[in-house]
*Asks:* 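Submitted below is the structure of interest, expressed as structure tokens.
Letters A, B, ... mirror the listed sequences (proteins, then strands); counts begin at 1. Small disclaimer: the values here were computed from a predicted structure and weren't measured.
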Amino acid sequence: MAKGITKRSVDYSRWYTDVIAAAQLADYSPVKGCMVIRPTGYAIWEKMQAALDKLFKDTGHENAYFPMFIPEHFMKKEAEHVEGFAPECAVVTHGGGKELEEPLFVRPTSETIIWSMYKDWIQSYRDLPILINQWANVVRWEMRTRLFLRTTEFLWQEGHTAHATAEEAEAETKQMLEIYRIFSEEYMAVPVITGRKTEREKFAGALHTYCIEAMMQDTKALQAGTSHNLGQNFAKAFDVTFQNEAGELESVWATSWGVSTRLIGALIMTHSDDNGLVLPPKMAATPVVFVPIWASNEEMNTVLKKIDEITADWKGKFNFKIDDRNNIRPGRKFNEWEKKGIPIRIEMGPRDMETNEVVLVRRDTGEKIRLPQDNLVERILTTLETMQNDMFNKAKEFRKHNTHIVDDYEEFKQRLDNEGGFYLIHWNGKTATEEKLQEETKATIRCIPFDSPDEPGKCLITGEPSERRVLVARAY
RNA sequence: CGGGGCAUAGCGCAGUCCGGUUAGCGCACCUGGUUUGGGACCAGGGGGCCGCAGGUUCAAAUCCUGCUGCCCCGACCA
């Protein structure tokens, strides 16, 4: 049916890049590993930014901006951090035609430069908390890249907060993860599992890392957001202390949290189909397109005039486009908007004019509904809402269907190979076991889910005692 | 960084083995007309340093050497 888009069943990763090309979301750039985000793709990012920014501001955060260049010695101050990030950093060694006295790292993340500033900004507990977010680009020199999911340069937001107590920092870490969950599920209609990363998977320099994990349509896992409790690691590395109420000097407690343009990849791989992109209404810059149909120029004028009447009260309710191009036929228009994932298409031609009706087509189900021209605003708004819910429920149902509980290693290996999916397994909590699991199955522990109940059992790999189940899957 | 593949018009490709007219096809694009309820049709037209650099030859997209870039699959990662 869809020309130019490889079917998911044939080649999932080709399908993914085909959808991006067909919807004109992004393009490969002349720079290896870097992409150009095209207007249609950037519009999705702007929708994400707008929603997240509001959620951040509503919880007391402010935006700021720090330099993209980080002096080398900053990067080296926190041992675990430098070990984690140094191998994937781009480094500037020359400027103004001369070799620099000290190389500048292009930020892979901004903890170090931000904490070098927090040192100056924080003296007493009265200066705390600091709740800052930054919208920025970062660079990580990746071996293999994939549009949106992993590129050398990407856009993201990174929150960096400073607190007077460990409890407050922990509460912030959890709060921001919850905001990511809300955003993912309620705006992107992408169900996620919240949990804690293992020691091996946590952020370099963090006490611990919380994450949201989503299941893509090929049943692989995608880490969609992370929130880190940094403890006092960065405060100690950058000597950031404050005087508490008792007059004693203490190290500041820190968090950081981020989501990136990778979310666009999650959005695509959760909802889209063989005909192209499918956008949940809340992520569509233009949720409605009106496609008029006519057979002659006179008819064109009548139909367009009627459309002006019908859409007069749409303004301010939702964004919409009227596709009045006369050089291509309706069928082409249907297809173009489908590929771009516009949630609702309204069609109206001479036949509908006679009966005072329009045809409404849902992108997610393809369902066509004839509707009277009156009260369309109401119908469209409720349909958008229904679609938003349906898409979330469908994705959640899919994940449920592909999540399994297993207690036999051989069965696990076979099923993982044959059906993929998420697995809840017992694990003895040891890094060595985790590494063995990955070596033997290419699956990783995605997280220790928050809702995983205390349930004594035996480690799937070693048979040793385990206290609860962890989430395992092959991941992007 | 290992394995595989590719480089010819904006995109997708043929031509390369076996050197030889003006480098061709589909899509897209432009003009005109007929069309318009699921990717229209006809006619005309524009667009090429055949990845780069050397070499062989009377003659190179085609043969030889070197380089570069990109894509896919693995190891690392938001």
Side-chain angles (χ1 to χ4, degrees), chain A residues 1-6 11-14 16-18 21-22 24 27-34 84-89 108-109 136-158 180 197 200-204 209 211-214 221-228 256-266 275-276 291-297 299-300 303 323-339 345-354 357-359 361 366 368 370 435 438-439 442 444 474-476:
Chain A
M1 183 136 158
K3 291 179 196 166
I5 297 179
T6 309
D11 185 340
Y12 190 80
S13 57
R14 266 261 290 285
Y16 175 74
T17 50
D18 286 350
Q24 299 179 343
D27 233 337
Y28 295 100
S29 78
V31 186
K32 184 187 166 84
C34 294
F85 281 103
E88 49 178 323
C89 282
T109 178
N137 58 339
V138 285
V139 168
R140 295 181 188 177
W141 217 260
E142 299 292 348
M143 290 300 163
R144 252 193 82 209
T145 57
R146 297 193 66 187
L147 293 174
F148 291 116
L149 297 178
R150 181 167 305 110
T151 46
T152 296
E153 180 191 14
F154 58 93
L155 305 182
W156 77 345
Q157 59 68 216
E158 45 180 327
Y180 288 155
K197 284 286 183 194
R200 187 163 166 267
E201 299 273 337
K202 71 167 195 193
F203 177 78
T209 291
C211 63
I212 51 174
E213 294 281 329
L222 182 78
Q223 177 177 308
T226 46
S227 182
H228 318 290
S256 70
W257 26 273
V259 294
S260 70
T261 37
R262 169 179 258 202
L263 289 178
I264 297 174
N275 294 323
V291 177
I293 292 147
W294 55 68
S296 66
N297 278 349
E299 220 162 59
M300 176 175 83
V303 171
D323 190 349
D324 57 2
R325 289 175 295 176
N326 198 16
N327 58 332
I328 59 174
R329 299 162 81 199
R332 164 67 73 95
K333 294 180 183 178
F334 297 165
N335 182 254
E336 271 186 19
W337 297 118
E338 255 162 32
K339 284 191 298 194
R345 181 176 78 236
I346 306 285
E347 305 169 11
M348 188 184 70
R351 295 210 297 265
D352 308 299
M353 295 275 285
E354 281 173 29
E357 287 179 311
V358 298
V359 176
V361 186
K368 294 188 179 186
R370 299 192 68 87
E435 279 163 359
Q438 179 169 12
E439 252 170 59
K442 288 182 181 129
T444 48
R474 292 196 177 131
Y476 278 97

*Asks:* Given rC72(B), rG38(B), rA75(B), which nucleotide is nearest the side-chain atoms of Ser13(A)?
*Replies:* rC72(B)
*Asks:* Classify the nucleic acid contact of Thr444(A) as base, sugar-phosphate or nothing, counting any heavy atom under 4.0 Å across all strands shown.
*Replies:* nothing
*Asks:* Across nucleotides 1-10 of chain B, 5' to 3', mark each nucleotide with B, S or - according to how protein heavy atoms within less than 4.0 Å reach it.
*Replies:* ----------
*Asks:* Have a look at Ser260(A) and say if it touches a base, only the backbone sugar-phosphate, or nothing, with a 4.0 Å heavy-atom cut-off.
*Replies:* base
*Asks:* Looking across every strand, which nucleic acid part, if any, lies under 4.0 Å from Arg345(A) by heavy atom: base, sugar-phosphate, or nothing?
*Replies:* base
*Asks:* For nucleotides rU22(B) and rC29(B), find the distance between their P atoms and express it as a whole number of Å.
*Replies:* 32 Å
*Asks:* How many angstroms lie between atom CZ of Arg200(A) and atom CD of Glu435(A), to the nearest 0.5 angstrom?
*Replies:* 4.5 Å
*Asks:* Base, sugar-phosphate or nothing for Trp156(A)? Non-hydrogen atoms, less than 4.0 Å.
*Replies:* nothing
*Asks:* Expressed in angstrom and rounded to an integer, what is the separation of Arg329(A) atom CZ from rC42(B) atom P?
*Replies:* 12 Å
*Asks:* OP1, OP2 of rA28(B) versus side-chain N and O of Arg332(A): anything below 4.0 Å?
*Replies:* yes
*Asks:* Any idea which heavy atoms bring Leu222(A) and Ala266(A) closest together, and the distance?
*Replies:* CD2-CB, 3.4 Å
*Asks:* Kindly indicate whether the side chain of Lys368(A) and the base of rG38(B) share any N or O donor-acceptor pair separated by less than 3.5 Å?
*Replies:* yes
*Asks:* C1' atom, rG47(B) versus rC30(B): distance in rounded Å?
*Replies:* 10 Å
